[in-house]
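The next block holds one structure in the form of structure tokens; read it before the comments.
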Amino acid sequence: MALLAGRTVLLRAGVRLGAEAATRGGNGARRFASHRVLVEPDAAAGIATIKLKNPPVNSLSLEFLTELIICLEKLENDKTFRGIILTSDCPGIFSAGLDLREMCGKNPAHYAEYWRAVQEIWLKLYLSNMVLVAAINGASPAGGCLMALTCDYRVLADNPRYRIGLNETLLGIIAPFWFKDNLVNTIGHRAADRALQLGLLFPPTEALQVGMVDQVVPEDQIHSTALSVMSQWLAIPDHARQLTKSMMRKATADHLIKQREADIQNFVSFISKDSIQKSLQVYLEKLKQKKH
Ligand SMILES: CCCCCCCCCCC/C=C/C(=O)SCCNC(=O)CCNC(=O)[C@H](O)C(C)(C)COP(=O)(O)OP(=O)(O)OC[C@H]1O[C@@H](n2cnc3c(N)ncnc32)[C@H](O)[C@@H]1OP(=O)(O)O
């Protein structure tokens with residue numbers, strides 16, 4: 001069992017937390033890694049680097065999300081750490097977003113369980129007391145973009161293939177209101193309106209221009225840049241920064257928290273529609289055929 005935002009939820013049998021490794025890093029910090037979430041601690045600096053490792057594309061399956069939620073919970077409760085760098089261990093991909101296979105051909109109970117986990121990861125990241133820096137070292141569509149948007153600062157590697165955005169409409173689906181709220185808070189209403197309707201995926205230069213990311217750097221400098229940004233943010237006293245972060249974000253998070261169950265029901269009925277299932281299947285098929 002794991003504690004998720006004040007509620008105890010059963011982990012699915014498939015989530016093998018027993019396989020989690022806990023060792024001591026060189027600096028004495030506890031290093032823990034699940035199958036798909038690697039944590040590299042730097043206790044002296046108070047920073048943990050989380051590397052997403054769910055090949056081939058870091059799609060956010062239920063198991064992967066559950067591991068990530070548990071990892072964040074552990075870090076949040078460990079006073080050693082004040083900052084997290086979120087990055088990918090999969091070459092060229094930050095995250096392909098929500099796992100389409102979790103939203104296709106399953107039953108309503110599964111959709112509800114999955115959507116609760118998606119809400120949970122967003123709330124955990126968006127409301128984290130720690131400083132979160134996204135070191136975006138690959139493509140970052142839809143749910144991948146959303147994860148980056150929860151962070152306090154985004155550094156994107158300069159590669160035209162590393163496009164970022166909420167492209168849901170291209171799949172024939174809709175970005176939920178809290179994805180939209182997070183985007184509006186980041187790039188403003190007009191730019192979000194256009195980006196969401198057109199399902200825009202921005203290459204680095206445009207992503208920087210529109211404010212989707214804060215910095216674009218050569219790929220080999222992404223981690224060092226994230227570290228230097230982190231030290232700038234960690235120079236601010238925690239209590240002042242945390243209260244300010246909460247002041248800026250609470251209303252947006254409360255919007256979802258108050259409507260959590262209704263949002264799950266909306267998702268389940270939307271995703272269960274035959275027409276939506278068909279669109280998703282066609283999209284998945286296109287992805288598969290792309291290679292041939
Ligand atoms: C009343 C209103 C109520 C509203 C209710 C809400 C409505 C629903 C809201 C849902 C919000 C959804 C958010 C999402 O995140 S949906 C996912 C969107 N993601 C994408 O569009 C990205 C798709 N992927 C790609 O573009 C490329 O894969 C990528 C650029 C990421 C990498 O390209 P690359 O060439 O390196 O790799 P491949 O394309 O060959 O992919 C490798 C294999 O991975 C599979 N794959 C890719 N993406 C996904 C995915 N998101 N989920 C599952 N599987 C994925 C791909 O099919 C390949 O598989 P095979 O090896 O088996 O062929």
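Whatever order the structure lists them in is the order used to number ligands and atoms, beginning at 1. No experiment lies behind these values; they were computed from the predicted model shown.
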Using heavy atoms and a threshold below 4.0 Å, how should the contact between [X] and ligand 1 be classified: side chain, backbone, both, or neither?
X: Ala96; answer: both
X: Ile173; answer: side chain
X: Val57; answer: side chain
X: Ile93; answer: side chain
X: Asn167; answer: side chain
X: Leu170; answer: neither

I'd like to know if the side chain of [X] pairs up with that of [Y] as donor and acceptor (distance under 3.5 Å, no hydrogens or angles considered).
X: Gln215; Y: Thr225; value: no
X: Asp263; Y: Gln119; value: yes
X: Thr252; Y: Asn182; value: no
X: Tyr162; Y: Glu219; value: yes

Decide, yes or no, whether a salt bridge links Glu261 with Arg116 under the criterion of side-chain N to carboxylate O below 4.0 Å.
->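 Arg116 and Glu261: salt-bridged.
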Between Arg260 and Glu120, is there a side-chain N and carboxylate O pair less than 4.0 Å apart?
->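 Here Arg260 pairs with Glu120 in a salt bridge, since their nearest N and O are under 4.0 Å apart.
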Heavy-atom gap Tyr283 to ligand 1 smaller than 4.0 Å |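 The answer is yes, since Tyr283 has a heavy atom less than 4.0 Å from ligand 1.
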Count the heavy atoms belonging to other residues, nucleotides or ligands that lie under 6.0 Å from CZ of Arg163, then report whether that count exceeds 12.
->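 Counting other residues, nucleotides and ligands, CZ of Arg163 stays at 12 neighbours or fewer.
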Min N/O separation [X] to ligand 1 under 3.5 Å:
X: Ile271; answer: no
X: Ser59; answer: no
X: Trp115; answer: no
X: Leu98; answer: yes

Atoms of ligand 1, numbered as shown, that sit under 4.0 Å from any heavy atom of [X]:
X: Asp99; result: 52 (N), 53 (C)
X: Phe270; result: 7 (C)
X: Glu168; result: 11 (C), 12 (C), 13 (C)
X: Gly97; result: 15 (O)
X: Ile174; result: 6 (C), 7 (C), 8 (C), 9 (C)
X: Gly143; result: 14 (C), 15 (O)

Is Ser59 reaching over with its side chain to a backbone N or O of Leu98, donor-acceptor style, under 3.5 angstrom?
->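 It does not hold such a pair.
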Side-chain polar contacts of residues 188-210 - donor-acceptor pairs under 3.5 angstrom, sequence neighbours left out - could you list them?
unit_1, atom_1, unit_2, atom_2, d
Asp193, OD1, Gln197, NE2, 2.6

Which residues share a side chain to side chain contact (heavy atoms under 4.5 Å, CB included) with Ala135, sequence neighbours left out |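 Ala135 satisfies side chain to side chain contact (heavy atoms under 4.5 Å, CB included) with Ile85, Thr87, Ile222, Ala226 only.
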Can you tell which of Leu60, Leu100, Leu287 gets a heavy atom nearest to atom 52 (N) of ligand 1?
->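 Among Leu60, Leu100, Leu287, the closest heavy atom to atom 52 (N) of ligand 1 belongs to Leu100.
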Considering the options Glu67, Arg36, Met147, which one meets the side-chain contact (heavy atoms from CB on, under 4.5 Å) requirement together with Leu52?
->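 With Leu52 as partner, Glu67, Arg36, Met147 yield a single side-chain contact (heavy atoms from CB on, under 4.5 Å), made by Met147.
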